[in-house]
Amino acid sequence: MHFMTALGAAWQQRNSLLCVGLDPDPAKFPAHLQGRPDAILAFCSAIVDATADLVCCFKPQIAYFAAHRAEDQLEALIEHIHARHPGTPVVLDAKRGDIGSTAEQYAVEAFERYKADAITVNPYMGRDSVDPYLAYPDKGVILLCRTSNPGGSDLQFLDVGGLKLYEHVARLVAQDWNASGNCGLVVGATFPAEIARVRELTGDMPLLVPGIGAQGGDVAATLAAGRTAAGTGLMINSSRAILYAGKGEDFADAARQAAIDTRDAINAHR
Ligand SMILES: O=C(O)c1cc(=O)[nH]c(=O)n1[C@@H]1O[C@H](COP(=O)(O)O)[C@@H](O)[C@H]1O
């Protein structure tokens with residue numbers, strides 16, 4: 001199924017714009033999981049099972065797996081999501097960016113090895129570095145536009161011929177790169193004015209919006225700036241605030257409650 005079709009169905013059926021980010025940090029795991037060789041998979045699948053009915057997608061961050069030599073656990077986790085929670089899109093957060101021949105390998109890694117439904121990609125090496133992902137027309141290609149971190153302004157706010165660089169990226173992706181209708185953009189919840197500008201430049205294009213929760217982004221302002229006329233159009237990510245809501249054996253229950261609270265806070269402003 002096309003990523004955008006699956007995402008649209010998840011927005012409707014789950015009545016949720018929440019994306020739970022899977023950023024497993026073993027140092028923050030509850031004591032009973034510490035030291036287990038499969039701790040990352042056990043932790044993440046418990047979170048997934050406790051929150052799947054509350055989300056429009058999951059977003060595993062690849063560095064949190066690769067840093068711990070746990071790529072096999074990432075593969076197993078995505079397989080678990082597809083098998084146990086069909087219809088829940090998986091966005092592999094890899095922020096890749098490289099020349100075309102290397103990007104082809106990254107695309108195979110994301111879509112054929114991990115079987116992700118979408119990937120985050122850095123657009124700043126230009127069109128030929130993104131083409132290998134766009135060549136999978138059913139897969140989502142979510143390009144960094146206006147990132148949530150303070151240093152995002154260093155480059156993304158530069159003036160390029162009357163537009164800021166992030167505005168140029170938004171327009172280029174919407175008008176040129178999105179021929180298969182499979183592109184999205186990353187815009188941080190920490191910058192609602194820029195979310196509004198990106199929405200203005202891109203019509204109803206789905207936006208991945210990280211930065212609520214641990215980074216302090218404003219939910220009400222994010223929704224006011226970014227929701228579409230249908231009250232959707234957003235994948236609003238929260239990772240640490242949900243994953244580590246509890247510290248004990250009941251961590252998955254605590255994560256579920258945090259996900260319910262976040263989904264409801266989002267829905268209150270749709
Ligand atoms: O592409 C991303 O997901 C991303 C882009 C961005 O601009 N800012 C950002 O925080 N992220 C990711 O979103 C997640 C945010 O995590 P929390 O701050 O714990 O909710 C991390 O996985 C980041 O890598």
Worksheet item: Where is the tightest heavy-atom contact between Gly21 and Ser239, given as atom of each residue plus distance?
Response: CA-OG, 3.3 Å

Worksheet item: Taking all atoms of both residues into account, what is the closest heavy-atom pair of Pro26 and Gln34, and its distance?
Response: O-NE2, 3.2 Å

Worksheet item: How far apart are the C-alpha atoms of Arg199 and Leu207, what are their side-chain angles, what is the distance that settles it, and do they pass the side-chain contact (heavy atoms from CB on, under 4.5 Å) test?
Response: CA-CA 8 Å; Arg199 176 57 71 217; Leu207 306 179; 3.7 Å; yes

Worksheet item: In Å and rounded to the nearest 0.5 Å, what is the OG to CG distance from Ser153 to Leu165?
Response: 11.5 Å

Worksheet item: How would you list all residue pairs meeting side chain to side chain donor-acceptor pair (under 3.5 Å) that involve residues 257-270, not counting sequence neighbours?
Response: Asn15-Arg270, Gln257-Asp261, Asn267-Arg270

Discussion item. Can you confirm whether Arg96 sits close enough to Thr102 that some side-chain heavy atom of one is under 4.5 Å from a side-chain heavy atom of the other?
Written reply: no

Fill in: Any donor-acceptor pair under 3.5 Å from Lys115 side chain to Glu112 backbone
yes

Worksheet item: Do you reckon Leu208 sits in the same ILVMFWY cluster as Leu172, going by side-chain contacts under 4.5 Å, direct or chained?
Response: yes

Fill in: Worked check of side chain to side chain donor-acceptor pair (under 3.5 Å) between Asp53 and His85
CA-CA 8 Å; Asp53 61 318; His85 309 286; over 6 Å; no

Discussion item. Evaluate Asp176 against Arg171 for salt bridge (Lys or Arg N to Asp or Glu O under 4.0 Å), listing each step before the verdict.
Written reply: CA-CA 8 Å; Asp176 189 8; Arg171 206 168 64 172; over 6 Å; no

Response to the item:
dist Lys28:NZ -> Arg240:CZ (nearest 0.5 Å) comes out at 6.0 Å

Worksheet item: Under the 3.5 angstrom rule, does the side chain of Trp11 hit a backbone N or O of Leu234 as a donor-acceptor pair?
Response: yes

Ignoring hydrogens and angles, write down the donor-acceptor pairs under 3.5 Å from the side chains of residues 55-67, residues two or more places apart or on other chains.
from  : atom 1 : to    : atom 2 : distance (Å)
Lys59 : NZ     : Asp93 : OD2    : 2.8
Gln61 : OE1    : Ala63 : N      : 2.7
Gln61 : NE2    : Asp93 : O      : 3.3
Gln61 : NE2    : Asp93 : OD2    : 3.3

Worksheet item: For the atom pair CD (Glu249) and CG (Leu33), what is the distance rounded to the nearest 0.5 Å?
Response: 8.5 Å

Discussion item. Show, in sequence, the C-alpha distance, side-chain angles and deciding distance for Glu75 and Arg113, and conclude whether the salt bridge (Lys or Arg N to Asp or Glu O under 4.0 Å) test is met.
Written reply: CA-CA 7 Å; Glu75 253 181 274; Arg113 176 181 179 190; 2.9 Å; yes

Worksheet entry | salt bridge (Lys or Arg N to Asp or Glu O under 4.0 Å) between Lys164 and Glu167, worked out | CA-CA 5 Å; Lys164 296 216 165 68; Glu167 294 175 302; 5.4 Å; no

Discussion item. Going by the rule ring pair (Phe, Tyr, Trp, His ring centres under 6.0 Å), which residues pair with Tyr106 if we only count those two or more places apart in sequence or in a different chain?
Written reply: none

Discussion item. For Asp250, is there an ion pair with Arg256 - N to carboxylate O distance below 4.0 angstrom?
Written reply: no

Practice prompt. May I ask you to list the residues sharing a hydrophobic cluster with Met125, side-chain cutoff 4.5 Å, ordered by chain and number?
Written response: Ile99

Item to complete: Using modelled atom types only, decide if a donor and an acceptor are shared between the side chain of His168 and the backbone of Gly161 within a distance under 3.5 Å.
Response: no

Discussion item. What verdict does the side-chain contact (heavy atoms from CB on, under 4.5 Å) test give for Asn182 and His2, after you've listed the backbone C-alpha separation in whole Å, the side-chain angles of each residue and the deciding distance to 0.1 Å?
Written reply: CA-CA 8 Å; Asn182 60 340; His2 196 294; 3.9 Å; yes

Discussion item. Tell me whether the count of non-hydrogen atoms from other residues, nucleotides or ligands lying under 6.0 Å of CD in Glu79 goes above 12.
Written reply: no

Practice prompt. Mind checking the CG-SG spacing from Leu74 to Cys44? Nearest 0.5 Å is all I need.
Written response: 8.5 Å

Worksheet item: Partners of Tyr114 by ring pair (Phe, Tyr, Trp, His ring centres under 6.0 Å), sequence neighbours excluded?
Response: none

Worksheet item: Are Val198 and Leu144 grouped together when hydrophobic residues (ILVMFWY) are joined by side-chain heavy atoms under 4.5 angstrom apart?
Response: yes

Discussion item. Using ring-ring contact (aromatic ring centres under 6.0 Å, His included), reason through Phe43 and Phe251 one step at a time and then give a plain yes or no.
Written reply: CA-CA 9 Å; Phe43 179 82; Phe251 71 97; 5.0 Å; yes

Item to complete: Identify the heavy atoms of Pro137 and Ala135 that sit nearest to each other, and give their distance.
Response: CD-O, 3.0 Å

Discussion item. For a salt bridge (Lys or Arg N to Asp or Glu O under 4.0 Å) check, start with the C-alpha distance between Arg227 and Asp204, then their side-chain angles and the critical distance, and finish with the verdict.
Written reply: CA-CA 9 Å; Arg227 65 165 181 259; Asp204 286 350; over 6 Å; no

Worksheet item: Do Leu54 and Ile260 come close enough that some side-chain heavy atom pair is under 4.5 Å?
Response: yes

Fill in: Sidechain-backbone polar pair: Asn178 side chain, Cys183 backbone, donor-acceptor under 3.5 Å
yes

Worksheet item: Are Val130 and Leu143 close enough, and set up right, to give a side-chain contact (heavy atoms from CB on, under 4.5 Å), and what steps lead you there?
Response: CA-CA 9 Å; Val130 178; Leu143 298 137; 3.9 Å; yes

Discussion item. Is it the case that the side chain of Thr120 and the backbone of Ala94 share a donor-acceptor pair, with hydrogens and angles ignored and the cut-off at 3.5 Å?
Written reply: yes

Practice prompt. For the residue pair Leu18 and Val20, establish whether any side-chain heavy-atom pair is separated by less than 4.5 Å.
Written response: yes

Item to complete: Output yes when a side-chain donor or acceptor of Thr190 lies under 3.5 Å from a complementary backbone atom of Gly217, and no otherwise.
Response: no

Worksheet item: Would a 4.5 Å heavy-atom cut-off, applied to side chains only, mark Gln215 and Asn149 as touching?
Response: no

Worksheet item: What distance separates Arg14 CZ from Thr51 OG1, expressed to the nearest 0.5 Å?
Response: 10.0 Å

Worksheet item: Is the side chain of Asp38 donor-acceptor paired with the backbone N or O of Leu41 at a distance under 3.5 Å, no angle test?
Response: no

Response to the item:
On a heavy-atom basis, the closest approach of Pro30 and Gly248 is CB-O, 3.5 Å

Fill in: Heavy-atom pair with the smallest gap, counting every atom of Gly226 and Ile195
CA-CG2, 3.6 Å

Item to complete: Verify side-chain contact (heavy atoms from CB on, under 4.5 Å) between Val91 and Ile119, making sure each step is shown before the conclusion.
Response: CA-CA 5 Å; Val91 178; Ile119 182 173; over 6 Å; no

Worksheet item: In the single-linkage hydrophobic clustering (I, L, V, M, F, W, Y; side-chain heavy atoms under 4.5 Å), do Val160 and Val169 co-cluster?
Response: yes

Worksheet item: Taking the side chain as C-beta and beyond, is there a heavy-atom pair between Gln73 and His68 under 4.5 Å?
Response: no

Worksheet entry | Side-chain heavy-atom pair Pro206, Phe3 within 4.5 angstrom cut-off | no

Item to complete: Identify whether Leu134 and Val186 are in the same connected component of the hydrophobic contact network (ILVMFWY, side-chain heavy atoms under 4.5 Å).
Response: yes

Fill in: Distance-minimising heavy-atom pair for Met205 and Gly184
CG-CA, 3.9 Å

Response to the item:
In this structure, OG of Ser45 is separated from CG of Leu22 (nearest 0.5 Å) by 9.5 Å

Worksheet item: Thr5 side chain to Met1 main-chain N or O, any donor-acceptor pair under 3.5 Å?
Response: no

Worksheet item: Same hydrophobic cluster for Val108 and Leu92, using side-chain heavy-atom links shorter than 4.5 Å among ILVMFWY?
Response: yes

Worksheet item: Lys139 side chain to Ala116 main-chain N or O, any donor-acceptor pair under 3.5 Å?
Response: yes

Item to complete: Report the residues that fulfil ring pair (Phe, Tyr, Trp, His ring centres under 6.0 Å) with Phe157, sequence neighbours left out, ordered by chain and then residue number.
Response: Tyr166

